[in-house]
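Starting from 1, each residue takes its place in the sequence as its number. None of the values given here were measured: they were computed from a predicted structure.
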Amino acid sequence: MIGLIRELAYELSPKIRVNGVAPGGTLTDLRGPEALGQEKQTQSNVDNIEDLMKTTNPLHVVPTPKDHTSPYVLLASNKDSMAITGVIISSDGGLGVRGFASVAGGEHL
């Protein structure tokens, strides 16, 4: 995705700005696929999901979808982001800073 965003930003400029937002783990009521019999399983029903999410990102936050809206609004604004193109804003609680770590062992993936 990074390469695609950057290439489109180059090819479509100066008329069109192309940017992206990379949200990290987000607490939602997203359901599993019906084909796998998981249509009643939601992320928010997983035991200790909030603690797991807090301990796996450096900011120790549990974002909701609403927490990711500001980067989209910023990038959509001609006034506030007219000189921004080809970038991706990470809204991941800091996961990208150190990489992913396994929950059990702490080793980086």
Side-chain angles (χ1 to χ4, degrees):
M1 270 329 235
I2 295 169
L4 179 63
I5 287 172
R6 288 180 179 168
E7 184 60 29
L8 287 173
Y10 176 76
E11 288 183 21
L12 299 175
S13 65
K15 293 183 179 185
I16 298 173
R17 295 177 296 114
V18 180
N19 297 294
V21 177
T26 304
L27 192 59
T28 69
D29 283 329
L30 183 66
R31 299 184 183 282
E34 185 177 350
L36 298 176
Q38 298 174 345
E39 66 275 4
K40 293 183 181 179
Q41 178 64 43
T42 65
Q43 179 191 42
S44 57
N45 288 340
V46 174
D47 290 338
N48 300 320
I49 189 67
E50 290 190 36
D51 291 334
L52 178 64
M53 291 174 80
K54 278 183 184 179
T55 58
T56 57
N57 69 62
L59 292 179
H60 303 287
V61 296
V62 181
T64 63
K66 193 184 325 183
D67 296 320
H68 299 295
T69 58
S70 294
Y72 290 102
V73 172
L74 169 71
L75 294 175
S77 168
N78 284 327
K79 177 183 172 255
D80 296 327
S81 66
M82 74 152 200
I84 300 173
T85 194
V87 302
I88 299 169
I89 297 176
S90 293
S91 179
D92 63 2
L95 280 175
V97 174
R98 300 288 303 255
F100 293 101
S102 76
V103 177
E107 63 271 4
H108 291 281
L109 305 175

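- One distance of note links CG of Leu59 with CG of Asp92; it measures 8.5 Å at 0.5 Å rounding.
- Transitive grouping of hydrophobic side chains (ILVMFWY, heavy atoms separated by less than 4.5 Å) keeps Tyr10 and Leu4 in distinct clusters.
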Enumerate donor-acceptor pairs with a distance under 3.5 Å from any side-chain N or O in residues 74-82 to protein atoms, sequence neighbours excluded.
from: Ser77; atom 1: OG; to: Lys79; atom 2: N; distance (Å): 3.3
from: Ser77; atom 1: OG; to: Asp80; atom 2: N; distance (Å): 2.9
from: Ser77; atom 1: OG; to: Asp80; atom 2: OD2; distance (Å): 3.4
from: Asn78; atom 1: OD1; to: Arg17; atom 2: NH2; distance (Å): 3.0
from: Ser81; atom 1: OG; to: Arg17; atom 2: NH1; distance (Å): 2.8
from: Ser81; atom 1: OG; to: Leu74; atom 2: O; distance (Å): 3.0
from: Ser81; atom 1: OG; to: Leu75; atom 2: O; distance (Å): 3.2
from: Ser81; atom 1: OG; to: Ser77; atom 2: O; distance (Å): 2.7

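- Between Asp67 and Ser91, every side-chain heavy-atom pair lies at or beyond the 4.5 Å cut-off.
- Residues Thr26 and Met53 approach most closely at N-CE, 3.5 Å, considering heavy atoms.
- Between the side chains of Thr42 and Ser44, a donor-acceptor pair is found at a separation under 3.5 Å.
- Atom CD1 of Ile2 is surrounded by 12 or fewer heavy atoms from other residues, nucleotides or ligands within 6.0 Å.
- To the nearest 0.5 Å, the span separating CE on Met1 from CG on Leu8 amounts to 9.0 Å.
- A pairwise comparison of heavy atoms in Arg31 and Lys40 identifies NH1-O, 3.9 Å as the closest pair.
- Side-chain atoms of Glu7 and Val18, non-hydrogen and from C-beta on, never get closer than 4.5 Å to each other.
- Rounding to the nearest 0.5 Å gives a distance of 11.0 Å between CG of Leu52 and CG of Asp47.
- Here the CG atom belonging to Leu27 is positioned 10.5 Å from the NZ atom belonging to Lys54, to the nearest 0.5 angstrom.
- In this structure, CD1 on Ile88 lies 4.0 Å from CD1 on Ile5, to the nearest 0.5 angstrom.
- Under a 3.5 Å cut-off, the side chain of Glu34 and the backbone N or O of Glu39 do not form any donor-acceptor pair.
- Between the side chain of Asn19 and the backbone N or O of Val87 there is at least one donor-acceptor pair closer than 3.5 Å.
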